[in-house]
Amino acid sequence: MKSRSQHATFQHLTVENGLSHNAVLAITQDRQGFLWLGTRYGLSRYDGQRFKIYRNIPGDTTSLPDNQVVSLYIDRQKQMWVGTTSGLCKYDPVTGKFRRVILHPGSQTNINCIYEDRQGRFWFGGNNGLYMVDGRAYTNYNHH
């Protein structure tokens, strides 16, 4: 039996191509086909040709909470959650803005991971513990 090898072609995307930072910490793809890359200096949306960059704008609560994006997640409703070193937000594709989600009032929470379980509950792992959101009810499972 003859073995045929397939040759994969890779394109390297860097700051020279428009990426916000070369250290990519999280990746996801939305239903429109955009590739989202969370970096140490912003969120980059790639359409296959060019990048659009989203960053924190001081004083603008509809921007990212922080420029260091460490987790990304697309839920069952096709909404994108963005975890940063200073909090969590959801992206609104209609306005191109972010809605911040406060999990731990009075403190910044580094959101390292995001997950939606079969019951539709969201789980967020952060520096202040594990958070579960079921509708509008928040539960914090922390180590205190």
Side-chain angles (χ1 to χ4, degrees), residues 5-144:
S5 64
Q6 294 180 352
H7 298 286
T9 304
F10 291 93
Q11 180 181 359
H12 296 274
L13 301 171
T14 66
V15 292
E16 286 78 25
N17 304 103
L19 183 65
S20 58
H21 192 277
N22 282 336
V24 175
L25 306 172
I27 300 173
T28 195
Q29 187 173 26
D30 67 18
R31 66 180 173 185
Q32 285 82 28
F34 291 117
L35 191 62
W36 293 86
L37 303 118
T39 75
R40 290 195 184 278
Y41 191 54
L43 178 63
S44 298
R45 185 186 77 185
Y46 186 63
D47 66 5
Q49 301 274 324
R50 64 189 73 78
F51 286 98
K52 177 171 179 153
I53 307 299
Y54 299 86
R55 289 197 174 102
N56 172 266
I57 301 167
D60 182 354
T61 59
T62 65
S63 70
L64 289 172
D66 192 273
N67 284 327
Q68 195 163 171
V69 177
V70 293
S71 57
L72 295 168
Y73 187 80
I74 306 284
D75 68 19
R76 283 190 242 168
Q77 274 67 50
K78 309 296 184 219
Q79 295 183 40
M80 184 171 66
W81 296 79
V82 181
T84 74
T85 54
S86 296
L88 176 69
C89 59
K90 286 173 76 172
Y91 175 70
D92 182 345
V94 175
T95 64
K97 303 285 185 182
F98 298 87
R99 183 178 60 81
R100 296 184 186 185
V101 178
I102 307 300
L103 294 175
H104 196 87
S107 93
Q108 295 180 342
T109 304
N110 183 358
I111 304 297
N112 297 313
C113 55
I114 305 167
Y115 178 74
E116 181 181 15
D117 68 19
R118 290 181 185 176
Q119 288 78 37
R121 297 175 298 193
F122 288 94
W123 297 84
F124 305 99
N127 61 316
N128 292 326
L130 177 65
Y131 299 86
M132 189 267 293
V133 178
D134 188 4
R136 293 191 172 270
Y138 289 72
T139 306
N140 182 357
Y141 302 94
N142 63 31
H143 58 282
H144 296 297

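On a predicted model such as this, the values are computed, not experimentally measured, just so you know.
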[X] side chain vs [Y] backbone, donor-acceptor pair below 3.5 Å:
X: T109; Y: I111; result: no
X: N22; Y: V15; result: yes
X: D60; Y: I57; result: no

Problem - Lys/Arg-Asp/Glu bridge criterion (N-O < 4.0 Å) met for R50, D47 - result: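 A salt bridge links R50 with D47.
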Practice task
Identify whether the distance between the nearest side-chain nitrogen and carboxylate oxygen of E116 and R121 falls below 4.0 Å.
Solution key: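 No, E116 and R121 are not salt-bridged.
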Problem - Q32 atom CD: more than 12 heavy-atom contacts under 6.0 Å - result: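 Atom CD in Q32 is crowded, with more than 12 foreign heavy atoms closer than 6.0 Å.
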Handout entry: Over 12 non-hydrogen atoms of neighbours within 6.0 angstrom of CZ in R55
Key =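 Correct, the count exceeds 12.
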Looking only at non-hydrogen atoms, find the nearest pair between [X] and [Y] and report the distance.
X: N110; Y: N112; answer: OD1-OD1, 3.3 Å
X: S44; Y: F51; answer: CB-CD2, 3.7 Å
X: L103; Y: V133; answer: CD2-CG2, 3.9 Å
X: N67; Y: N56; answer: OD1-N, 2.6 Å
X: R100; Y: L64; answer: NH2-O, 3.1 Å
X: N140; Y: N128; answer: OD1-O, 3.5 Å

Exercise for the section: To the nearest 0.5 angstrom, please state how far the CG atom of L19 sits from the CD1 atom of I53. Expected result: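 Result: 6.5 Å between the selected atoms.
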Exercise for the section: Compute the centroid of each ring, for Y54 and then for Y91, and state whether the two points are separated by less than 6.0 Å. Expected result: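 Here the rings of Y91 and Y54 have centres that are less than 6.0 Å from each other.
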Exercise for the section: Take the angle between the ring planes of F124 and F122 and call it parallel below 30°, perpendicular above 60°, tilted in between. Expected result: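 Plane angle under 30°, so parallel.
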Handout entry: Qualifying residue, where the test is side-chain contact (heavy atoms from CB on, under 4.5 Å) with C89 and the options are L43, V69, V82
Key =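 When side-chain contact (heavy atoms from CB on, under 4.5 Å) is applied between C89 and each of L43, V69, V82, only V82 qualifies.
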Handout entry: S86 and D66: side chain donor to acceptor below 3.5 Å
Key =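 Yes, because at least one side-chain N or O of S86 sits under 3.5 Å from a partner of the opposite role on D66.
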